[in-house]
Amino acid sequence: MDNLEAADVLREIAELLEIAGESTFRIRAYERAAQVIRSLPRDINSLDRKGELTEIPGIGKGIAAKLHEFLTTGEMEYFEELKAKIPESLAELTHVSGLGPKKAKLVYDELGIVGLDDLREAVSEKKLRSLPGMGAKTEANIARGLELLERSRGRLLLNEAVPAAEIFIDYLKGEPGVGALEAAGSLRRRQETVGDIDLLCAADDPADVAERFCSHPEVERVTARGEKKCSIVLHSGLQIDLRLVWPGEYGAALQYFTGSKAHNIRVREIAVKRGLKLSEYGVFDVSNGRRLAAATEAEVYGALGLPWIDPALREDRGELEAARIGALPGLIRLEDIKGDLHVHTVASDGQSTLREMVDFARSLGYAYIAVSDHALKLRVAGGLSEAEFEEQWREVDALNDELTDFRVLKAVELNIDNDGEVDFPADFLVRYDVTTASIHGGFGQDRARLTERMVRAVRHPHIDIIGHPTGRVLGRREPYDIDLTAVFEAAAESGTALELNAFPDRLDLNDGYLMEAKKVGCRFAVNTDAHHSGQLTYMRYGIDIARRGWLEPDNVINTFPLPRLKAWLTGLRTSRPPF
DNA sequence: GCCGTTTTCGGCCCGACTGTTTTCAGTCG
């Protein structure tokens, strides 16, 4: 059992309690516990063994005992009892937009509907409209919800969502009456995937803006249209919400709609303790109803005695405590990046030539790039032999002779084989400027073996960076079953850097792991793994996730100017204990 | 079910939109 499995059970309990009509506070307690555990940067099994579960905020005696039972036996009696009372599949019904816990219970009680297939059938037979409190419109709404659920099962990756939002922002910007305008919600926080896009717009005359928004040629359906909010679904199935606010309330609205939900609840609690009230309209003095702040986010946080908090941090993972004592991190920015240390070329499985990669990197203002084609053993990816690397180095040397303001580093992406060995012997590895090693196969090994294999690579005296450390591919492949705490500790000790792979479907390490690894003292490299020159721009998504992981420029080796990077690499290799 | 620089009991974040209602419940974020 890992954190994600435990979090899923707690979330499902919350959903079932909702349908059962339980106290909203109990439901929220389970929701909060699930959310905390999902993003907890520590393994709950080890916390449980030490009896420290209740030290996690939001986990008290009750949930700790249930978790202990679940972690040690694989079952939870309370959950089983709940499922005996309410079919588990009813929880799935509430994922249908327009159908909440109350109506799910209603269709179950009245029509015996227990799952999505039943629901689809009841909709097509027009059975829902006859239920109390329901009508033809509700039924049609649920029908659309069902359709939407099927179409949008997969959430959007950042490289899909960010450009889509930018298209609509460009479309509305500059129109008469359109003031400040930007994405809010999970997209502004740059979660690794987003379910829908929230846009916020300051407008004196919202009706005009709403009209233009809803008449974009890509709009398939307008699902809500009010004074303050419009929702549209595009032909692609993507949902976009537009919130319209009076310009003087823009900051309060932006704070509110950016979330996260957990962050906002905490911020409001802080407001309440100060005799204030925070809503999307501003910060108000409860005693006299006067509005103290609303125009900008900085004013809103300021009225609560807090500094402005970067959206990337707003997850209730310690940012409010840090803000209170002036200890917020100085987050890394895209401009801090001096080069990319993981890119491929046509020599292995890339699509651009070395020269094309170098030219594009220079156009991004980089000072260096590490050309890190696959090595020998990864045959499927056209891995290079020693002789082929030597040939590539001659090309690299020629480029470096030609370029005065830029450096091409000799590099490689080694394959960590099933025993933790890599492609080349030490006497060849020392000839590279920088080496990355990654796992590309043997995912099915058991946890102990995988961990040992990875730790062995981390301690290797000639490996500088571990590539995509968990191996997950969003929507396609689960992370390797590996004890990352052990990997992080080994990396901190040996000085080996961990990659944050910026490829949008990898984003590996993720934000929670970055936080954990940073805490134990690891260094990182944010790299794109570009297989085409244009993919070098994926660096922005890597930086988005780095910021969510609280990384600062000094934690990331490719923010170093070339001399410092070289000194770091030299120090790394000479200071390590013999292998 | 959680939590405590007023509390170990009694609180727990806030408002808009929709549809089915004649004053509000359910849903959503």
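We name chains A, B, ... by the order of the sequence lines, and we start the count at 1 in each one. Being a predicted model, the structure only gives us computed values, none of them experimental. All heavy atoms count here, side chains included; hydrogens, waters and symmetry mates do not.
Across A:Arg188, A:Arg189, A:Glu182, a single residue satisfies side-chain hydrogen bond (donor to acceptor under 3.5 Å, both in side chains) together with A:Thr258, and that is A:Arg188.
Using a 4.0 Å heavy-atom criterion, one finds that A:Val245 contacts no nucleic acid atom at all. Nucleic acid contact for A:Tyr281: sugar-phosphate only, since backbone atoms but no base atoms lie under 4.0 Å from a heavy atom of the residue. Residue A:Lys273 is out of contact with every strand shown, counting any heavy-atom pair closer than 4.0 Å. Using a 4.0 Å heavy-atom distance criterion, A:Ala136 is classed as a sugar-phosphate-only contact. Across all strands shown, A:Pro132 has no heavy atoms under 4.0 Å from either base or sugar-phosphate atoms. Residue A:Gly98 is classed as a sugar-phosphate contact, given heavy-atom separations below 4.0 Å to backbone atoms only.
Closest approach to the A:Pro101 side chain among B:dC17, B:dT27, B:dG1 is made by B:dT27 (side chain taken as heavy atoms from C-beta onward). For A:Arg28, counting side-chain heavy atoms from C-beta on, the closest listed nucleotide (B:dC13, B:dT27, B:dA16) is B:dC13. Closest to the A:Ala29 side chain, of the nucleotides B:dT27, B:dC2, B:dT18, is B:dC2. When distances run from any side-chain atom of A:Glu269 to the nucleotides B:dT27, B:dC13, B:dG15, the shortest one goes to B:dC13. In the set B:dC17, B:dC28, B:dG15, the nucleotide with an atom closest to the side chain of A:Ser97 is B:dC28. Out of B:dA16, B:dT18, B:dC2, the shortest distance to the side chain of A:Ile63 is found at B:dC2. The side chain of A:Lys137 lies closest to B:dT20 when the candidates are B:dT20, B:dT18, B:dC28.
Within a 6.0 Å sphere centred on NZ of A:Lys83, other residues, nucleotides and ligands contribute more than 12 heavy atoms.
For the pair A:Tyr30 and B:dC2, the criterion of a side-chain N or O lying under 4.0 Å from OP1 or OP2 is not met. Neither OP1 nor OP2 of B:dC13 sits under 4.0 Å from any side-chain N or O of A:Arg268. At the phosphate of B:dG15, OP1 or OP2 sits under 4.0 Å from a side-chain N or O atom of A:Lys277. Taking side-chain N and O atoms only, A:Arg129 has no distance below 4.0 Å to OP1 or OP2 of B:dT20. Taking side-chain N and O atoms only, A:Lys229 has no distance below 4.0 Å to OP1 or OP2 of B:dG15. Contact between the side-chain N/O atoms of A:Thr138 and the OP1/OP2 oxygens of B:dT20 is found at a separation under 4.0 Å.
Within the model, atoms CG of A:Leu146 and CG of A:Leu116 stand 6.5 Å from one another, a figure rounded to the nearest 0.5 Å.
Atom pair A:Leu16:CG and B:dG1:P shows a separation of 14 Å (rounding to whole Å applied). Distance CD1 (A:Ile59) to C1' (B:dG1): 11 Å, rounded to an integer number of Å. Rounded to an integer number of Å, the gap from A:Ile27 CD1 to B:dC2 P is 14 Å. For the pair A:Leu242 CG and B:dC17 P, the interatomic distance rounds to 12 Å; values are reported in whole Å. If you take CG of A:Asp241 and P of B:dT18, they are 12 Å apart, rounded to a whole angstrom. The distance from atom CZ of A:Arg144 to atom P of B:dT27 is 16 Å, rounded to the nearest whole Å. The CD-C1' distance, from A:Glu22 to B:dC12, rounds to 16 Å in whole Å. With rounding to whole Å, A:Asn264 atom CG is found 13 Å from B:dG15 atom P.
Separation of the P atoms belonging to B:dT21 and B:dG26 is 13 Å when rounded to the nearest angstrom. Nucleotides B:dT20 and B:dT27 place their C1' atoms 14 Å apart, quoted to the nearest Å. One C1' atom belongs to B:dA16, the other to B:dC12, and the distance between them is 22 Å to the nearest Å. Rounded to whole Å, the P atom of B:dC13 lies 14 Å from the corresponding atom of B:dG4. Distance noted for atom P between B:dT5 and B:dG1: 23 Å (whole Å). Taking atom C1' on both nucleotides, B:dT6 is separated from B:dG11 by 13 Å, rounded to a whole Å. Taking the C1' atoms as reference points, B:dC3 lies 10 Å from B:dT7, given to the whole Å.
A:Glu319 and A:His263 share a side-chain donor-acceptor pair at under 3.5 Å. A:Asn264 and A:Gln255 share a donor-acceptor pair across their side chains, judged by distance under 3.5 Å alone.
In this pair, A:Tyr78 and A:Tyr30 present their aromatic rings parallel. The plane angle is below 30°, not in the 30 to 60° band.
Mapping A:Thr94 and A:Tyr78 onto DNA chain B via the closest heavy atom, the residue that lands nearer the 5' end is A:Tyr78. Comparing A:Lys102 and A:Asn141 along DNA chain B, the residue whose closest nucleotide (by nearest heavy atom) sits nearer the 5' end is A:Asn141.
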Audit row: A:Glu77, A:Lys66, salt bridge (Lys or Arg N to Asp or Glu O under 4.0 Å) steps and yes/no: CA-CA 8 Å; A:Glu77 202 184 329; A:Lys66 293 185 177 81; over 6 Å; no
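If you look at A:Phe79 and A:Phe70, their ring centroids are not closer than 6.0 Å.
Nucleotide B:dC12 has B:dG1 as its partner under the Watson-Crick or G-U criteria, with both atom distances under 3.5 Å.
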